[in-house]
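One structure is given here, and the rest of the page talks about it.
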Amino acid sequence: MAARTKARKRALDILFEADQKGSNVLAVLEDRLRDSGRETPLPPYSEEIVRGVVHWWVELNSIIQQASPEWTLPRMPAVDRALLRIGAWEILCNDEVGIGTAIDEAVKLAADLSTDDSPSFINGVLGTVAREAPALKSAD
């Protein structure tokens, strides 16, 4: 597994854990930075993703909701919510990651970790986000 793929998975773990516990995402991140719970420390890119998602939380949620009018965020599986936030952040805020890569990585993680319908749902929502990305970036 590539380093960024592993980092995305670890960022997903943090976002999912915070969601399930009803905890502050940055508090969970700080806990994982102190004690990763694994043999390897948290990759720097995991921290960058989580901090980026938190920084743009309101905007990302709004963008995701607009791209998925039939599904409210609370109705989505927690894994899907976290993957959509990560994917949308990579598409909209990280110029080092190609749009196709961001979508593919989110879809692959959804296939491994979420429901049978999640990969196509994530692909569709992030595809919509990607089509709107130029307008959204210029609005910032």
Side-chain angles (χ1 to χ4, degrees):
M1 188 181 294
R4 282 210 170 174
T5 299
K6 289 178 187 177
R8 285 181 189 92
K9 169 66 171 76
R10 299 281 295 275
L12 172 65
D13 291 344
I14 291 167
L15 293 171
F16 180 79
E17 179 182 345
D19 188 41
Q20 293 302 291
K21 289 181 174 179
S23 299
N24 179 285
V25 176
L26 291 177
V28 174
L29 173 63
E30 293 303 324
D31 287 346
R32 291 303 146 259
L33 288 169
R34 276 192 304 279
D35 178 14
S36 71
R38 300 178 183 205
E39 293 177 15
T40 59
L42 191 69
Y45 189 57
S46 297
E47 181 179 1
E48 181 181 349
I49 291 169
V50 173
R51 289 191 190 283
V53 166
V54 169
H55 178 78
W56 292 103
W57 191 267
V58 172
E59 293 86 354
L60 292 173
N61 285 348
S62 176
I63 290 163
I64 291 164
Q65 192 60 73
Q66 289 173 13
S68 178
E70 302 296 318
W71 283 79
T72 62
L73 281 166
R75 186 174 169 213
M76 295 175 193
V79 171
D80 293 4
R81 278 193 303 270
L83 286 170
L84 287 169
R85 288 174 178 136
I86 291 168
W89 176 80
E90 284 190 313
I91 290 166
L92 299 172
C93 304
N94 188 345
D95 293 334
E96 294 177 11
V97 176
I99 291 171
T101 299
I103 294 171
D104 288 347
E105 290 286 329
V107 168
K108 286 177 190 171
L109 283 168
D112 290 342
L113 302 170
S114 197
T115 70
D116 291 341
D117 294 329
S118 293
S120 61
F121 174 70
I122 300 254
N123 187 56
V125 173
L126 291 179
T128 300
V129 169
R131 282 190 299 278
E132 299 297 322
L136 295 169
K137 282 183 179 177
S138 67
D140 287 341

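The structure displayed is predicted, hence computed values, not measured ones. When reading the values below, keep in mind they use all heavy atoms of this one structure, side chains included, and skip hydrogens, waters and symmetry mates.
In this structure the side chain of Trp57 reaches within 4.5 angstrom of the side chain of Val25, judged on heavy atoms. A 4.5 Å side-chain heavy-atom check between Val79 and Ser118 finds every atom pair outside the cut-off.
When all heavy atoms are compared, the tightest approach of Val107 to Pro119 is CG2-O, 3.8 Å. In terms of heavy-atom proximity, Leu42 sits nearest to Leu33 at CD2-CD2, 3.7 Å. Nearest heavy-atom pair, Trp71 versus Met76, reported as atom, atom and distance to 0.1 Å: O-CE, 3.4 Å. Scanning all heavy atoms of the two residues, the minimum distance from Val125 to Ser68 falls at CG2-CB, 3.8 Å. Between Arg85 and Val53, the shortest heavy-atom contact is O-CG2, 3.7 Å. Ile49 and Trp89 make their closest contact through CG1-CZ3, 3.8 Å (heavy atoms, listed as atom of the first residue, atom of the second, distance).
With values rounded to the nearest 0.5 angstrom, Ile14 atom CD1 is found 9.5 Å from Ser36 atom OG. The CD atom of Gln65 sits 10.5 Å away from the CG atom of Leu84 when rounded to the nearest 0.5 Å. In this structure, the separation between CD1 on Ile64 and OG1 on Thr72 is 12.5 Å, given to the nearest 0.5 Å. Summarising the geometry, atom CD1 belonging to Ile86 is positioned 12.0 Å from atom CG belonging to Asn94; distances are rounded to the nearest 0.5 Å. Note that CG of Asp80 is 10.0 Å distant from CG of Leu113, once rounded to the nearest 0.5 Å. For the atom pair CG of Leu109 and CG of Leu12, the computed distance is 6.0 Å after rounding to the nearest 0.5 Å.
Put simply, the side chain of Glu90 never gets that close to the backbone of Cys93: no donor and acceptor are under 3.5 Å apart. Here the side chain of Arg10 pairs no donor or acceptor atom with the backbone of Tyr45 at under 3.5 angstrom. Side chain of Ser23 to backbone of Ala18: no donor-acceptor contact under 3.5 angstrom is found. No donor-acceptor pair closer than 3.5 Å links the side chain of Glu105 to the backbone N or O of Thr5.
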Does Leu60 form a side chain to side chain contact (heavy atoms under 4.5 Å, CB included) with Leu92? I'd like the steps, not just the answer. CA-CA 9 Å; Leu60 292 173; Leu92 299 172; 4.3 Å; yes
Go through the steps to decide whether Leu26 and Arg51 satisfy the test side chain to side chain contact (heavy atoms under 4.5 Å, CB included), and finish with yes or no. CA-CA 7 Å; Leu26 291 177; Arg51 289 191 190 283; 3.9 Å; yes
Using the side chain to side chain contact (heavy atoms under 4.5 Å, CB included) rule, take Glu96 and Arg4 through it: C-alpha gap first, then chi angles, then the decisive distance, then the call. CA-CA 11 Å; Glu96 294 177 11; Arg4 282 210 170 174; 3.0 Å; yes
Walk me through it: do Asp19 and Arg81 pass the test side chain to side chain contact (heavy atoms under 4.5 Å, CB included)? CA-CA 9 Å; Asp19 188 41; Arg81 278 193 303 270; 2.4 Å; yes
Check step by step if salt bridge (Lys or Arg N to Asp or Glu O under 4.0 Å) holds for Asp13 and Lys9. CA-CA 6 Å; Asp13 291 344; Lys9 169 66 171 76; 2.6 Å; yes
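Ion pair Glu17/Arg32 flagged as a salt bridge, since at least one NZ, NE, NH1 or NH2 atom sits closer than 4.0 Å to an Asp/Glu carboxylate oxygen.
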